[in-house]
Amino acid sequence: MKPLLYLFLSIYCFMLLDCAANNDEIPEPENSVYYWKTVFSPDSLESQFLKQYHVKKIYLRYFDVIVDKNNQLMPNATVRFKKTPSEDLQIIPTVFIVERCLEHNIDTLAKTLVDRILKMNETHKIKGVKEIEIDCDWTRNSQQKYFNFLTLVHQYLKKKNMKLSVTIRLHQLNMKTPPCDYGVLMLYNTGNYKDISVENPILGYKECSPYFKYIKDYKLPLCVAFPNFKWLVLFRKGVYNNIIYNQNLADTMLFEKIDDKTYKVIRSKDIPIFMSNADYNVMLVAGDTIRLKQADYNEIMKVKSKIHQLRPGLLNQIIIYDLNSNNINNINSNEYEKVFDFNCCDTANCGSQQQN
Amino acid sequence: MILLIAALNNKTEACGYSFTTNYYMFDVFKTSTTANESRYITFWQNYVGTKINPWDISALEYLTEEDLHNPDSYNPIVTAALKKNDTEMLSYLEDLTAYHRINSSRYDAWEYPSEAELQQFAQKRKDIYQHAIAYNGTKLKDRYTLMAMRCLFQDEEYSKVEELWLSSGAKASDQDCRKTMMELFAGALYHQGKTAAAINIFMELGSLQDVKFCLDKKRDLNGIKEVYARDHNNPALVFLVEDFVNMFQETIDGESGPWDFYTVTNKQAREFVNFANEIADKKASNTPLLWKEAAVLVSFYLKDFDNAKKYAAQMSSLQGTECMKDNARLIKFFVSTYDQKYTSANAAYYLSEFKWLESKFSDPFFKNAWIRIAAQNIAAANYDNTNFITLVSNTVFFINEKFSLENLTIPQLESFLNFFSNSKKADEFERYLIQKSEININQINDYIGIRYLGEMDLDKAEAAFSKVPVHYYASKAIGNYMMQRDYHIERWFTTQEWIDDYSEGDEPPLKSNQRLEYTKELKSAIAKYNTSTGDERCNLAYKLAAMCYQASFWGNCWYLLENSWSIDDKPSDGQKLFEQKALTYLNVASNLDSDWQFLKNSYYAIAWIKWRNYEYFDAWWYNDNQNPTAEMNTAMSNLKSCFDKKFGVGNWEYACDYLMDYVRAH
């Protein structure tokens, strides 16, 4: 009898541990944001956002790694600190690695990259940094190289008692898990924005659906990131042209409103490089269509609800991409409350309990 | 640029305005046109003693300490300083290069600077500053003051920048340095929240992008009213009013606009006219002329031409700056020429205004205005007067392709020749245009000759070409072709290559007018052909075919009928006619049964010509699934028959070998 009892207790404890591990997906979950601008200097709106929603973590883009014109791997667009982050905020330095870098021998970069981050922290007196995040849209072809690189980064960070997180895109859920401490499931850019017929390329439940089946069994602790941004996607004769910014769609001499999300260009106009995602000046031509694609609160909640069914622990920590005064008002404050609220997965009914 | 990393200073060439549909007709805010890298060139050229390039100056930013001691340096400024053993200058260059080194981006190297290093940079900048203000020489005083101001600006010590400007910078004798310091001063004012004062300085400097940046939220009618309400004579109004007028032009004119253009509705435009007129009429501004001329132009764009003219007549008594007065004079002329049929009664006025505009061509705005008035107003109002419109559309300042000589008919060309060459009969304005014309009499005669030749009117073609001297062709690109090409050679056997023996600017030693020679020879050959019979006729036909085809589109002597050739062109009517003539003559030639070689050449030529066009004009990349025409197939079939007769039907192997040898040999 006793051996059976011990067996039963062991199994029971194991199950408890397993559940606990599943429920406590990532260590020290907090309301979080990504900060993706090249100058760290939150304005009053952004500071207010941090305060209002009790944001305690900022995943702050420190720099990108690119292949330069001399075919060398180099940091690019390093963030400038105009303000020092408040000490009650936990900063997670995030580095975006362009996938092309993985064609090179990136192993040598592991230590250099971490050291650079640490040096930046030291120079700008950013304290309490306990982890870093690597963001890269790796593929099956580049997976091995990327994972080797991450292994080296992870090992190096471990010696410094630091953790490593990586971004996980939906299509990577059915691939091997990267060697890190946890992943951030990016629930945005889920659709093909170049396809004029795609309703919600920023976040669409329909586009996420095929990947839901992988979420439950994905063997890596995860948290999620939801979007709050918008795009003006330019189409010419139904074909994708560019993403443009800062256009006054309310100017009826330039744009004709077809519906809430569609505008027709009625006057041609030159768009300079800094107002698009192109490397050259873009021309808006009369007859072009602009589709306003915006993070949709309802879609967010639908996806959130599904995740809650499948693996609620993912919602222990929610990150908003991104902290930018241009994007903050795309979702109203009531909706933000619900997005951050772990228990709130239904747009109609929400508990009042907030994530601490 | 102090505030923006943005476009150029010259607003007519700024990256945003490259897409204006029409030249602006309102320019009272004169912008700076000197590119930054050219700014210090006078000083450095005087120092070096020879001409240098602007990039030699900008290269100073990248020099290392070693470079400054290298007598073999590629930089002429460094070598000059070393040669002169000018320790004062070398010390300055050391500071200058050190300043640029610590400001250049270290933020994207793997070695990120430590706090200590950043402090070192800041300290180094302070050291440079101290060294700069301690300088008590005279030669480099302004340069050191500028360096000091830059150091302070980098350290965001804006009040000190302001002080240094007021104590030293404003008194600088080197105008280039002074201008840069003034920009720093304006930037410092802006960063201290003294935006209005900053705008005034940027206006004075003509820094368009900085002005736009500062006035971004005021660039509309409400903004104008708001600024006016605060201060009726705010300098910013000069820019804002001009901007509004030009944006309204963009709104109604263009199919496209610059990236930062804003639209102005007709309602807003009418409201502006009332607002502006009120200010001008009540003289509620030191420069009522600004407002009145804006009202004139906006009314004009609203197609309220009567009021535009009425307001224009009110401008002369109003006060304004010299720029405003010039602009008003221009606008008056612009408005008065619209829809106005030209007569000699207008000659004196048109002449005086065009000459006045021309006298101001150092400012591109006036040249553009000259062109717009000529090309649009005057040409449009006189479209039925071919001679006048051709004259006004073919000047040394611009050419309207629609009215180029190429597009005139023969009667129009002859009429124009008569008009152009009898300048004594022209009025004073027409004589002025003749003086400014891009056209000359040789050109007109040449075009007449080409036209007649293209119609096979050889007598008249010869008469026209004989008036054109050889040196005229020698100065043209076709002169080189005339030197090298022979119109007797059969095109279907030989491609005459181009030998570029002459560098640009050299004239080839052309000895004769090949167009005239060709015309005469063609005339003579046709006359002989017309009186010949039998074999001789066939032989002459073949030679005529060769000559005619050489002048056609695919001929190597295409320049006989045209002045240029491009694979993107289509054959002209004359070229088509000559090709047709060639085929006609070849058909005659192919009657010479007695000489198989001759017959074969004729059939071959016909097939070659037929298939040549197919390759380029009818091939699959022009028309999907285009099949050879019946004519083309007939030509090949005839050629085949020719070989069948010689080698027997079906004896392909021998025939093909023979044909391959034949093709290779030719």
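Proteins get letters first, then strands, A, B, ... in listed order; numbering begins at 1 in each.
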Spacing of OH belonging to B:Tyr112 relative to CG belonging to A:Asn121, to within rounding of 0.5 Å: 10.0 Å
Straight-line distance of B:Ser114 OG to A:His124 NE2, nearest 0.5 Å: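 Answer for the OG-NE2 pair, B:Ser114 versus A:His124, is 10.0 Å.
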Should A:Met74 and B:Asp108 count as side-chain neighbours, where that means a heavy-atom distance under 4.5 Å? no
Beyond-backbone contact of B:Thr263 with A:Lys269, side-chain heavy atoms, under 4.5 angstrom: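 Not touching, per the 4.5 Å side-chain cut-off.
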Among A:Val79, A:Leu109, A:Leu113, single out the residue with the greatest number of heavy-atom pairs under 4.5 Å to chain B. A:Leu109
Contact winner vs chain B - A:Asp115, A:Asp251, A:Thr78, A:Ile271, heavy-atom pairs under 4.5 Å: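 Between A:Asp115, A:Asp251, A:Thr78, A:Ile271, the count favours A:Thr78.
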What closest approach, in Å, do [X] and [Y] show between heavy atoms, and which atom pair accounts for it?
X: B:Glu156; Y: A:Lys82; result: OE2-NZ, 3.6 Å
X: B:Phe261; Y: A:Arg267; result: CZ-NH2, 3.4 Å
X: B:Thr265; Y: A:Met253; result: CG2-SD, 3.5 Å

Enclosure of [X] [atom1] (heavy-atom neighbours >12, cutoff 6.0 Å):
X: A:Glu87; atom1: CD; answer: no
X: A:Lys293; atom1: NZ; answer: yes
X: A:Lys83; atom1: NZ; answer: yes
X: A:Tyr245; atom1: OH; answer: yes
X: A:Lys230; atom1: NZ; answer: no
X: B:Lys124; atom1: NZ; answer: no
X: B:Lys160; atom1: NZ; answer: no

Contact part of A:Val285 toward chain B, heavy-atom cut-off under 4.5 Å: side chain, backbone, both or neither? neither
Relative to chain B, which segment of A:Asn76 carries a heavy atom at a distance below 4.5 Å: side chain, backbone, both, or neither? both
